[in-house]
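Reading through the structure tokens given below for one structure.
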Amino acid sequence: MIDKRAESAAAAVADVRHGATIMIGGFGEAGSPIELIHALIDAGPRHLTVISNNTGSGRVGLAALIARGQVRKMICSYPRSANSMVFPELHRRGEIELELVPQGTLAERIRCGGAGIPAFYTATAVGTVLAQGKELRRFDDSEYVMERGLRADFSLVKADRADRYGNLVYRRTARNFGPIMCTAATTTIVQVREMAEVGAIDPEHVVTPGIFVDRIVVIPEPQQESVLVKEGRCYP
Amino acid sequence: MIDKRAESAAAAVADVRHGATIMIGGFGEAGSPIELIHALIDAGPRHLTVISNNTGSGRVGLAALIARGQVRKMICSYPRSANSMVFPELHRRGEIELELVPQGTLAERIRCGGAGIPAFYTATAVGTVLAQGKELRRFDDSEYVMERGLRADFSLVKADRADRYGNLVYRRTARNFGPIMCTAATTTIVQVREMAEVGAIDPEHVVTPGIFVDRIVVIPEPQQESVLVKEGRCYP
Amino acid sequence: MKGWNREEMAQRVAEDIPDGAYVNLGIGIPELVAQFVPRDREFVFQTENGLLGMGPTPPAGSEDPELINAGKKAVTAIPGAAYFHHADSFIMIRGGHIDVCVLGAMQVSARGDLANWSTGEADAIPAVGGAMDLVAGVKRILIVTEHTTKTGEPKIVAECTYPLTGRAVVDRIYTNLAVLDVTGEGLIVRELAPGVTLEEVQAKTGVRLLTSTPECAR
Amino acid sequence: MKGWNREEMAQRVAEDIPDGAYVNLGIGIPELVAQFVPRDREFVFQTENGLLGMGPTPPAGSEDPELINAGKKAVTAIPGAAYFHHADSFIMIRGGHIDVCVLGAMQVSARGDLANWSTGEADAIPAVGGAMDLVAGVKRILIVTEHTTKTGEPKIVAECTYPLTGRAVVDRIYTNLAVLDVTGEGLIVRELAPGVTLEEVQAKTGVRLLTSTPECAR
């Protein structure tokens, strides 16, 4: 019987190796799989390339992973925000690389990585420094830049509910990068608030079909990044 | 107040001009907007380019539109099936052009047309006659063919329910090409079984957000293509 | 007071947005536009992090950290809203489905080039978010900004010196002093704020302005 | 009877599909595979028209014209199924998420080229459907077919003469006579159907076959 539940967050991320590329869901704290990230900090792989829209805040979650020196390179659209000190400091010191990608291009690159599309063209960033060094091409009298699909070894995603097949539903704007990141990794690990019985999620309402999910970890009461930051918490 | 309901199917398709490009939803009869197609037959525009997965069956719906000589060219993946005589006859006589596109490439071309992506690469059809004359390119030691996004002047789509904003939900495998065709036309016309009050469709369950829909026609009891074909019906 | 304040600027922008428009609002003054929807119109607000039908800020205490806008502030969803993932969200943006985007600016050039994401300084941490996607994809780009920087330097210039967000993307500029259209001939002053003269606007602008209608010379 | 019948061929295919596999079945003999899922395994069937978790044919009278498979036949959805649109469906296919695809064939070459969509005749109406997407994207392509055409011509050939569906895409071939693997060295006979000799298989095959294990020579 198919059952994708993992024993624990620790077990789910245990095979992440040094040098892996990891997609991490979330837009700010919404959808950030903080318990999976903390398990990754405990597991300790280094030289990671992380693909995530932001770089975390305070000293928990993604920011803590970066602070521990486990991340070699960030691919993101918005690496600073309120309470985001860790990445800027390390980047200014030259200790972490940054590939800055416009948000929509980042999303499409991830989707294409999952969809077997190695490259596509977009008008976004044409005429800006973010298109420098990239191939330009005209279609129908407009100029476009070629962008490559992005794939990862692992995706860490937060959803709301799952069934044993891995079918997922999300909650409000915490959906953000989750569904596309689930498609673009060799191994997709999802933390959910609760399991649903098979059949309890209406097939019309499934957002991520189970085929894109490999491991499910149930975290009934996930921590909230902004609360931890406000409390001055630091992981580990 | 935003209210996208049109008075009738006839009113909804009245401005389709000769030579227009039209996407028509459906996979076989599932999702085929038969009442909108019949309204288009009544309206009478000719020299149409139609983008649809199939070419209809019997002498109703899309097959009837083709039989009336209104279609100059079909872009589709599967132009024959049981009870599909109209297109094959006209095509053998050289009276209708065919652009055959693999089904997944057709779907992605439509999605890209709606997403502002002029072209993308896929491994589908590489090494076959359907890649002939198309640009090939290697990425990471595999060969891909470049395919162009597809757009239309109008999309005719069948959904199950809509609210006045145009938010749509579909029913089972009748969803098929509807959601992507809604995004890829200048004017998207949707027939639905019933209207929903605003707020009655859970924002988590919306499949096509209203931004992609221009006109809604309510057809409470849509005809079923296979039943009409079995009865030997002929439109008009 | 001479000129328009922030609220008046936002209101002036809102007046130009047609009924039924799909609108994306940037951070800062653009956010205020949502407070000035004309009584007889309905706008649908999109936020690129996955919500169409964004409603007003929730009352204090009922914020949901999983219901936020692109500026990561708590928002609400109106009845008839829809949630979607990021790739679908940027179908709306890149695909030209959003009618109007209102953004702030660091600089705008006479040709409509926009710089609003980076100072380009060596030690700055660049952060672009969805700005480049919005200016490339949305049908109409409206800029709302103070006419000059805090130190009095013109923000409307012959050529942007900051890194561009997009080239020739701006349609109209709303400042505390005037409304200007970007045209093939250059920047045309469409309207002056109360008590503001054309000479004063010109003096605070880094490029020669054109006028189209007599009332602009008042 | 000598050799395998259609059901036995389908059953033989099913035995090779691992537990938990995501499977797409073509029309004809491939459809029968769904009837032979080994008792201790669970397969999830995908149909490219937008359903993951396809169940068996419904009882007569309870067909739903809006719940069909890629062959446009009425099907059911199992508990835990999901519906999705065509672009999302082909993310699964093109993106390599489907583990196994079982297809019929008109011809298969020694290199694993597959022809199964068109005779290439001048007046034929070509119809490709999702075949080219499936062979390009799915991890493992299994072909199940009669060993020869109705007129006795080999279907397993040195070079396909019909238009290709894909080049070097087939992993394994199941016929009424044998199971063959496509390898870099050529076609290797892995198994013979009951009462079938290697010589007989070779005689009905248009290309030289290799054997790997002694039992294939039985």
Side-chain angles (χ1 to χ4, degrees), chain B residues 27-31 53-55 57 76-82 84 87-88 91-92 98 100-112 114-115 122-131 143-144 158 160 170-181 183 207-208 224-227, chain D residues 47-52 54 63-77 81-96 111 113-115 117-118 120 122-137 160 162-169:
Chain B
F27 181 86
E29 69 172 323
N53 191 62
N54 306 101
T55 58
S57 63
C76 70
S77 91
Y78 209 85
R80 59 176 156 79
S81 51
S84 165
F87 177 85
H91 187 59
R92 286 201 187 91
L98 169 64
L100 191 72
V101 183
Q103 195 173 142
T105 297
L106 180 63
E108 190 65 18
R109 290 182 66 189
I110 294 166
R111 180 191 176 275
C112 284
T122 174
T124 298
V126 168
T128 79
V129 295
L130 295 192
E143 201 161 32
Y144 298 87
K158 184 185 188 178
D160 191 48
Y170 299 80
R171 193 171 165 277
R172 300 186 166 180
T173 57
R175 188 185 299 197
N176 59 66
F177 283 90
I180 51 176
M181 287 183 172
T183 69
V207 175
T208 292
Q224 205 178 303
E225 187 179 290
S226 57
V227 171
Chain D
T47 178
E48 59 263 36
N49 54 314
L51 169 60
L52 185 71
M54 182 173 67
E63 297 90 351
D64 177 349
E66 295 191 333
L67 181 46
I68 59 175
N69 67 11
K72 305 194 175 85
K73 291 183 189 145
V75 295
T76 52
Y83 298 111
F84 35 83
H85 64 60
H86 254 80
D88 280 352
S89 180
F90 283 87
I91 289 181
M92 298 178 190
I93 292 168
R94 193 190 313 100
R111 273 193 314 275
D113 295 351
L114 173 66
W117 71 284
S118 167
D123 71 338
I125 303 296
V128 67
M132 288 188 184
D133 307 281
L134 286 161
V135 300
C160 296
Y162 292 133
L164 295 187
T165 309
R167 219 183 267 285
V169 294

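Only a predicted model underlies this, so the values are computations on that prediction, with no experimental measurement involved. Sequence lines set the chain letters: A, B, ... in the order given, protein chains first and strands last, and positions in each chain run from 1.
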Inset, instruction - Could you grab the distance from atom CD of E108(B) to atom CD1 of I91(D), nearest 0.5 Å is fine? - result: 7.0 Å
For residues [X] and [Y], report the shortest heavy-atom separation together with the two atoms involved.
X: T105(B); Y: R94(D); result: N-NH2, 4.4 Å
X: G127(B); Y: L164(D); result: O-CD1, 3.8 Å
X: G104(B); Y: D133(D); result: N-OD2, 2.9 Å

Under a 4.5 Å cutoff for heavy-atom pairs, which residue among [options] has the most contacts with chain D?
options: I180(B), V207(B), L98(B), V129(B); value: I180(B)
options: R92(B), H91(B), Q103(B); value: Q103(B)
options: A123(B), P79(B), C76(B); value: P79(B)
options: G31(B), A30(B), A131(B); value: A30(B)
options: E29(B), R172(B), E225(B), Q224(B); value: R172(B)
options: L130(B), I110(B), V126(B); value: L130(B)

Give, as side chain, backbone, both or neither, the part of [X] having an atom under 4.5 angstrom from any heavy atom of chain B.
X: T165(D); answer: backbone
X: Y83(D); answer: both
X: D64(D); answer: side chain

Would a 4.5 Å heavy-atom cut-off, applied to side chains only, mark [X] and [Y] as touching?
X: F27(B); Y: T47(D); value: no
X: H85(D); Y: R111(B); value: no
X: K72(D); Y: N54(B); value: yes
X: T122(B); Y: F90(D); value: no
X: E143(B); Y: R167(D); value: no

Would you mind checking which part of [X] comes under 4.5 Å of any heavy atom in chain D, side chain (CB onward), backbone (N, CA, C, O), both or neither?
X: L106(B); result: neither
X: V101(B); result: backbone
X: F87(B); result: side chain

Legend entry - R80(B) side chain to I125(D) backbone, donor-acceptor under 3.5 Å: yes
Inset, instruction - Report yes or no: does T173(B) contribute a side-chain atom to a donor-acceptor pair with the main-chain N or O of I68(D) at less than 3.5 Å? - result: yes
Legend entry - Residue selection (most heavy-atom pairs with chain B, distance under 4.5 Å) from G130(D), P163(D), G50(D), P126(D): P126(D)
